[in-house]
Amino acid sequence: VSAIGGGPFLPVAIQCSQTPGSSNPIFTPADGNAWLLAKTIVDIADGNYHEAGTHLGRTHLIMEPFVLASARNLAWRHPIVQLLAPHFEGTLAINDMAWKHLISDTGAVDRLMGGSIATSRGLAVKTVQNMKIDQSMLPISFEQRGVADPQRLANYAYRDDSKLYWEAITLWVQAYLDIYYKSDQDIQSDFELQAWIRELTSKDGGRVQGLPAPQELTKAKLVEIITFVIYTCSVQHAAVNFPQYDHMSYVPNMPLAGYRPAPTSVDEKIEDEDYFNMLPPMDMAELQMNLGYLLGTVHYTQLGQYAIGHFKDPRVAQPLRTFQQNLTGIGEQIRIRNLSRPTYETLLRPSVAVL
C-alpha cells in the first residue's frame, strides 16, 4: 500500500495462493517467520513472471516480428532500416540461443524455475499474444497501471528515469522521420512501409496487436511505433535485464523456486530452518547466480551510438547530435536524482544497451 501524498510503498498482507479456503490464510507482518515465507513466495512468483513474461516475452520475443518484417519488406537503404538495424543487432541470435539453451527441455529455466518448462513457455507466449502495442506506449502504460502520479507514488525511479528516455527518443524519431516524410500522404505512398505494417499485423504474419492497419498508418502513429521499438530494444530491455544480476544473483533476495510448501495456517509454527528449507539447494543457487551474472552484466553498446558513417544522409547529423546531447543530459540528471532518492543506476546511460 502507498500512503496518499507519496508515502512508501509497503506490503501489508499476503495470501500465498489464489485458492480460497481455510488452508489459504492471509499473512501480515505480525506473523513472524510465516510472513517471511509468504514474502519469499511472492518473490518466487515475481521472478517466474519476470523471466518468462516481462523479460523474454515482452522484450526479446515481441521484437522478432519487427526484425523479420523489416528484413522482408524494407530495402537495406530504406530510412526505417537504417534507423532500426543497430537495435536489431543480435536479437535473433540471442533468441535462438535462448530457445536452445535456456528454455529447452532440461535447460536452465527448466531446472531453476518453479513452473514446469511447458508452463514457462506458455507464459512467455501469452504475454506476447496479449500485448497491445498502442496500450504499451510508456505514458499510457503508467496511466493504466495507476502509477503515473508522483504525488501518490513518489519513489518510482524507473518511471521517472524512463520517461526522460521516452521523450528523448520520441524527439529523435520525429526529427529523423521529418527528413523523409513530410505528410501522411508520404507514409501512404511508401509501398515498402505499407507492406511492413501489413506483415506485422497480418494473421499469417507477425500477428502483432495494437498496430494500425496500413490505410490507417499516419506519420504521428509511425513516430510512436518506431519510438516503442527503439525504447523496447534499449531502455526497457536494460530495465528488465540488468537487475537480474543486481537483484537475482543473491538467491535469497529472489529465488526462482520454493522447496517447501507454503504455510497453511497463521498458527503454524515456522522456524528459521523452515525458511532455509524454502530456498534452493546449493547447486541451483550456483546456477541462478551464474545465469544472473551472464545475463545481467553484458553491456554490448549504448543507446545513441552508431558506427561511424552508418547514416549516409548528411541531414541526419544534426538531429543525431541533438539526440546524443539529450542522452548525456539525461545521464547527468539521473546522477543528480540519485543524490536525493534511493539510488537507482539501472538506466544510467552506460547501462542502456541494445537487446
**Prompt:** Can you list the steps and then say if Phe142 with Leu153 is a side chain to side chain contact (heavy atoms under 4.5 Å, CB included)?
**Reply:** CA-CA 11 Å; Phe142 288 140; Leu153 181 60; over 6 Å; no
**Request:** Report yes or no: does Ser120 contribute a side-chain atom to a donor-acceptor pair with the main-chain N or O of Ser116 at less than 3.5 Å?
**Result:** yes
**Item:** Residues Trp172, Thr227; criterion side chain to side chain contact (heavy atoms under 4.5 Å, CB included); working and verdict
**Value:** CA-CA 9 Å; Trp172 158 233; Thr227 297; over 6 Å; no
**Item:** Any donor-acceptor pair under 3.5 Å from Gln188 side chain to Pro214 backbone
**Value:** yes
**Under 3.5 Å side-chain donor-acceptor pair for Gln174 and Asp178** = yes
**Asked** Do Gln209 side-chain atoms and Gln129 backbone N/O form a donor-acceptor pair below 3.5 Å?
**Response** yes
**Prompt:** Does any non-hydrogen side-chain atom of Pro280 lie less than 4.5 Å from one of Leu256?
**Reply:** no
**Message:** I'd like to know if the side chain of Ser17 pairs up with that of Asn24 as donor and acceptor (distance under 3.5 Å, no hydrogens or angles considered).
**Reply:** yes
**Asked** When you look at Tyr158 and Gln236, which way does the side chain to side chain contact (heavy atoms under 4.5 Å, CB included) test go after all the steps?
**Response** CA-CA 10 Å; Tyr158 164 75; Gln236 180 64 13; 2.5 Å; yes
**Heavy-atom check, side chain of Val229 versus side chain of His87, under 4.5 Å** = no
**Message:** Could you check whether Lys39 pairs with Asp46 (Lys NZ or Arg NE/NH1/NH2 to Asp/Glu carboxylate O, under 4.0 Å)?
**Reply:** no
**Item:** Heavy-atom closest contact (Leu347 atom, Ala238 atom, distance)
**Value:** CD2-CB, 4.2 Å
**Request:** Run the salt-bridge test on Asp161 and Arg337 with the 4.0 Å N-O cut-off and return the result as yes or no.
**Result:** yes
**Heavy-atom pair with the smallest gap, counting every atom of Pro212 and Ile225** = CD-CD1, 3.8 Å
**Asked** Should Leu112 and Glu51 count as side-chain neighbours, where that means a heavy-atom distance under 4.5 Å?
**Response** no
**Message:** The test is side chain to side chain contact (heavy atoms under 4.5 Å, CB included); show your working for Tyr275 and Leu37 and say whether it passes.
**Reply:** CA-CA 6 Å; Tyr275 166 69; Leu37 283 183; 4.2 Å; yes
**Fill in**
Rounded to the nearest 0.5 angstrom, the CG-OG1 distance for Leu138 and Thr232 is 9.5 Å
**Request:** Determine whether Met278 and Leu36 fall in the same hydrophobic cluster, where Ile, Leu, Val, Met, Phe, Trp and Tyr are linked whenever their side-chain heavy atoms lie under 4.5 Å apart.
**Result:** yes
**Request:** Each residue besides Val266 in its hydrophobic cluster should be listed here, by chain and number; the cluster joins Ile, Leu, Val, Met, Phe, Trp and Tyr at side-chain heavy-atom distances under 4.5 Å.
**Result:** Ile14, Phe27, Trp35, Val42
**Message:** Around atom NZ of Lys182, are there more than 12 heavy atoms from other residues, nucleotides or ligands closer than 6.0 Å?
**Reply:** yes
**Asked** Quick one: are Cys233 and Phe88 in side-chain contact, heavy atoms under 4.5 Å?
**Response** yes
**Asked** Which of these passes ring-ring contact (aromatic ring centres under 6.0 Å, His included) with Tyr176: Phe311, Phe323, Tyr181?
**Response** Phe311
**Item:** Distance (rounded to the nearest 0.5 Å) between Leu164 CG and Ile169 CD1
**Value:** 11.0 Å
**Request:** Start with the C-alpha distance between Asn253 and Asp43, add both sets of side-chain angles, then the distance that settles side-chain hydrogen bond (donor to acceptor under 3.5 Å, both in side chains), and finish with yes or no.
**Result:** CA-CA 8 Å; Asn253 191 57; Asp43 285 334; over 6 Å; no
**Message:** With a 4.5 Å cut-off on side-chain heavy-atom distances among I, L, V, M, F, W and Y, is there a chain of contacts connecting Leu217 to Ile80?
**Reply:** yes
**Request:** Mark yes or no for whether His310, through its side chain, and Gln82, through its backbone, hold a donor-acceptor pair below 3.5 Å.
**Result:** yes
**4.5 Å side-chain heavy-atom contact, Pro79 and Leu193** = no
**Item:** Minimal non-hydrogen separation, Pro11 against Pro29, with atom names
**Value:** O-CG, 4.4 Å
**Message:** Would the distance check show the side chain of Gln135 and the main-chain N or O of Ile140 forming a donor-acceptor pair, the cut-off being under 3.5 Å?
**Reply:** no
**Item:** Any side-chain heavy-atom pair of Thr28 and Val12 under 4.5 Å
**Value:** no
**Item:** Distance in Å, Met137 CE paired with Glu143 CD, rounded so as to fall on 0.5 Å steps
**Value:** 15.5 Å
**Asked** So, do Leu177 and Val223 sit near enough that their side-chain heavy atoms are less than 4.5 Å apart?
**Response** yes
**Message:** Would you say that more than 12 heavy atoms from the other residues, nucleotides or ligands in this model lie under 6.0 Å from the CZ of Arg145, or not?
**Reply:** yes
**Prompt:** Are any of the side-chain heavy atoms of Thr127 and Tyr49 separated by less than 4.5 Å?
**Reply:** yes
**Distance (rounded to the nearest 0.5 Å) between Gln302 CD and Leu327 CG** = 9.5 Å
**Item:** Donor-acceptor contact below 3.5 Å, side chain Glu268 vs main chain Thr264
**Value:** yes
**Message:** Assigning hydrophobic clusters by single linkage (Ile, Leu, Val, Met, Phe, Trp, Tyr; side-chain heavy-atom cutoff under 4.5 Å), is Ile41 placed with Val251?
**Reply:** no
**Request:** Search all heavy atoms of Asn73 against all heavy atoms of Ala195 and return the closest pair with its distance.
**Result:** OD1-CB, 3.5 Å
**Message:** Is it the case that the side chains of Gln318 and Thr322 hold a donor-acceptor pair, with the cut-off being a distance below 3.5 Å and no angle test?
**Reply:** yes
**Item:** Asp96 side chain to Leu92 backbone, donor-acceptor under 3.5 Å
**Value:** no
**Asked** Under 6.0 Å from the CD atom of Glu273, do we count more than 12 heavy atoms belonging to anything else shown?
**Response** no
**Message:** So which atom in Ala168 and which in Ile330 form the shortest heavy-atom distance, rounded to 0.1 Å?
**Reply:** CB-CD1, 3.8 Å
**Prompt:** Looking only at atom types and distance, does a side-chain atom of Gln244 sit under 3.5 Å from a main-chain N or O of Gly296, one as donor and one as acceptor?
**Reply:** no
**Request:** Please report the closest heavy-atom contact between Leu211 and Thr201, naming both atoms and the distance.
**Result:** CB-CG2, 3.6 Å
**Request:** Check the angle between the aromatic planes of His237 and His60 and answer parallel, tilted or perpendicular using the 30° and 60° thresholds.
**Result:** perpendicular
**Prompt:** Roughly how far, to the nearest 0.5 Å, is the CD1 atom of Ile226 from the OG1 atom of Thr170?
**Reply:** 11.5 Å
**Asked** Cluster question for you: counting only ILVMFWY and a side-chain heavy-atom cut-off of under 4.5 Å, with indirect links fine, are Val125 and Leu123 together?
**Response** no
**Prompt:** Linking I/L/V/M/F/W/Y whenever any side-chain heavy atoms sit under 4.5 Å apart, do Tyr259 and Met254 land together?
**Reply:** yes
**Item:** Ala75 backbone acceptor or donor facing Glu192 side chain under 3.5 Å
**Value:** yes
**Message:** Do the side chains of Arg260 and Asp274 get close enough for a salt bridge, i.e. N-O under 4.0 angstrom?
**Reply:** yes
**Asked** Going from CD1 on Ile44 to CG on Asn48, what distance comes out if it is rounded to the nearest 0.5 angstrom?
**Response** 8.0 Å
**Asked** Can you check whether Val147's main-chain N or O pairs, donor with acceptor, with Arg159's side chain at less than 3.5 Å?
**Response** yes
**Prompt:** Going through the checks in order, is the side-chain hydrogen bond (donor to acceptor under 3.5 Å, both in side chains) test met by Tyr180 and Asp313?
**Reply:** CA-CA 11 Å; Tyr180 303 100; Asp313 189 338; 2.9 Å; yes
